[in-house]
> 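Handing you this structure, nothing more for now.
Whatever order the structure lists ligands and atoms in, that order sets their numbers, starting from 1. All residue numbers in this chain count up from 1 along the given sequence.
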Amino acid sequence: MKTADNVEQIRDIVRFWRKEGLTIGFVPTMGYLHEGHQSLIRRAASENDRIVVSVFVNKMQFGPAEDFASYPRDFQRDCEKCQEAGADLVFHPTDEEMYQPDFSSFVDMTGLTEGLCGRSRPIHFRGVCTVVTKLFHIVSPDRAYFGQKDAQQLAVITRMARDLNMGIEIVGCPIVREADGLAKSSRNTYLNEEERKAALILSRSLTEARQKIEAGERSVSVIETYIKERIAEEKLARLDYASVVSWPDLKEKEVIDGPVLTAIAVYIGKTRLIDNFIISEV
Ligand code: PAF
């Protein structure tokens, strides 16, 4: 496995692969890889000839009061995880390599980015769309892999790739969970022992909500209220949002009469965690 911190190195390697007629799968990450990321790399490796992973903590998608500075970083460990999962090339650029001092071009999206996480993180998706567009231009993959844990991000990137004719297939992959149900996240490392236990309220409340829908409940407000009440029972938890919206166009609904995303964001202490489930048929 090769690593490169420079855009031109990546382009040269990818050009060489293309000349050989090889297909390229791409997994963009912010590093501190866990089994969730590795499942994306493995899926990419099963569907493409060569796999590129990027490891870049993208300052542009963090708000001023968010955790950019403290976001966990360990490039050596990331390389081991990439290699183990079948990556061929890891792109690990510096901030300066990605953003020149007079950088002034952005990719923005209306609609899909405004609800859910976009409400409390107003600049987040502009940062995500901009960096993912840059990475797509640098790597020029055939397919790119994103986890369903960031369901809104998956919907946004899929729409962006379509709207801007990027010619890249966006592949959504299932959430990977710990044995007790907590969705894997690099941010889980922020949790102390007590918070780690409290964090189970996310997956538990969602599992119960899913059971209600599967048992026939069709009212969005009943489901949202149920989740809010369950989360309020956990002392260390503070709800950001609990929403049931149409999938994949993320529109508010009153009745569950088609595919829906049920998504939550909850602070456990100072750590903001997200989780969700999608019901594709009712
Ligand atoms: O999902 C992430 O880790 C990031 O938002 C991404 C897609 C790598 C862009 O920085």
Side-chain angles (χ1 to χ4, degrees), residues 5 7 10 25-41 43-44 51-63 66-75 77-79 81-82 85 87 89-95 97-99 103 105-109 112-113 116-118 120-139 141 143-161 164 166 168-176 183-190 263 265 271-276:
D5 56 11
V7 171
I10 299 291
F26 177 46
V27 181
T29 82
M30 295 209 300
Y32 218 71
L33 303 192
H34 49 69
E35 279 164 44
H37 300 107
Q38 286 188 304
S39 73
L40 304 181
I41 301 171
R43 170 86 181 265
I51 310 308
V52 184
V53 178
S54 63
V55 172
F56 177 65
V57 186
N58 176 39
K59 191 169 185 181
M60 195 191 282
Q61 69 192 69
F62 288 78
E66 292 180 0
D67 58 341
F68 172 71
S70 58
Y71 198 84
R73 293 161 169 89
D74 186 341
F75 185 57
R77 180 175 164 279
D78 286 341
C79 285
K81 300 238 172 224
C82 283
L89 175 61
V90 179
F91 179 41
H92 181 48
T94 58
D95 288 350
E97 181 71 9
M98 290 297 278
Y99 298 118
F103 185 90
S105 307
F106 300 90
V107 180
D108 217 341
M109 184 185 290
L112 281 187
T113 58
L116 307 176
C117 289
S120 54
R121 305 187 74 191
I123 59 145
H124 176 67
F125 288 109
R126 183 194 215 226
V128 170
C129 288
T130 302
V131 79
V132 170
T133 300
K134 281 174 67 71
L135 292 166
F136 281 179
H137 283 309
I138 295 164
V139 177
R143 298 181 191 85
Y145 296 78
F146 292 84
Q148 190 206 297
K149 186 169 85 65
D150 295 287
Q152 186 175 16
Q153 171 172 280
L154 173 60
V156 165
I157 300 294
T158 306
R159 176 76 62 86
M160 177 183 83
L164 301 182
M166 289 178 164
I168 296 167
E169 186 189 337
I170 306 302
V171 183
C173 301
I175 299 177
V176 177
K184 300 242 182 200
S185 164
S186 307
R187 290 189 168 99
N188 291 349
T189 53
Y190 296 150
T271 305
R272 184 176 180 279
L273 299 176
I274 55 174
D275 199 351
N276 69 76

> Below 4.0 angstrom from a heavy atom of V131, which ligand 1 atoms are there? Numbered from 1 as shown, please.
9 (C), 10 (O)

> Nearest 0.5 Å please: distance from the CE atom of M160 over to the CE atom of M109.
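Here the rounded value is 6.5 Å.
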
> Rounded to the nearest 0.5 Å, how far does CG of D108 lie from OG1 of T130?
7.0 Å

> Against the six-membered ring of F146, is R43 placed for a cation-pi contact (under 6.0 Å from the centre, within 45° of the normal)?
no

> Please check whether Q153 reaches ligand 1 - meaning an N/O of the residue sits under 3.5 Å from an N/O of the ligand, judged on distance alone.
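Yes, Q153 has an N/O under 3.5 Å of an N/O on ligand 1.
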
> Using a 3.5 Å distance criterion without hydrogens, assess whether the side chain of K134 forms a donor-acceptor pair with backbone atoms of M98.
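Yes; at least one donor-acceptor contact below 3.5 Å.
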
> Can you tell me how the ring of F103 sits relative to the ring of Y99, calling it parallel under 30°, perpendicular over 60° and tilted otherwise?
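Judged by the thresholds at 30° and 60°, the geometry between F103 and Y99 is perpendicular.
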
> Enumerate the atoms of ligand 1 whose separation from the nearest heavy atom of T29 is less than 4.0 angstrom.
8 (C)

> Considering only the protein, which heavy-atom contact is closest to atom 3 (O) of ligand 1, and what is its distance?
M30 CG, 3.6 Å

> Are any of the N or O atoms of Q61 closer than 3.5 Å to those of ligand 1?
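It does: an N or O of Q61 is found under 3.5 Å from an N or O of ligand 1.
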
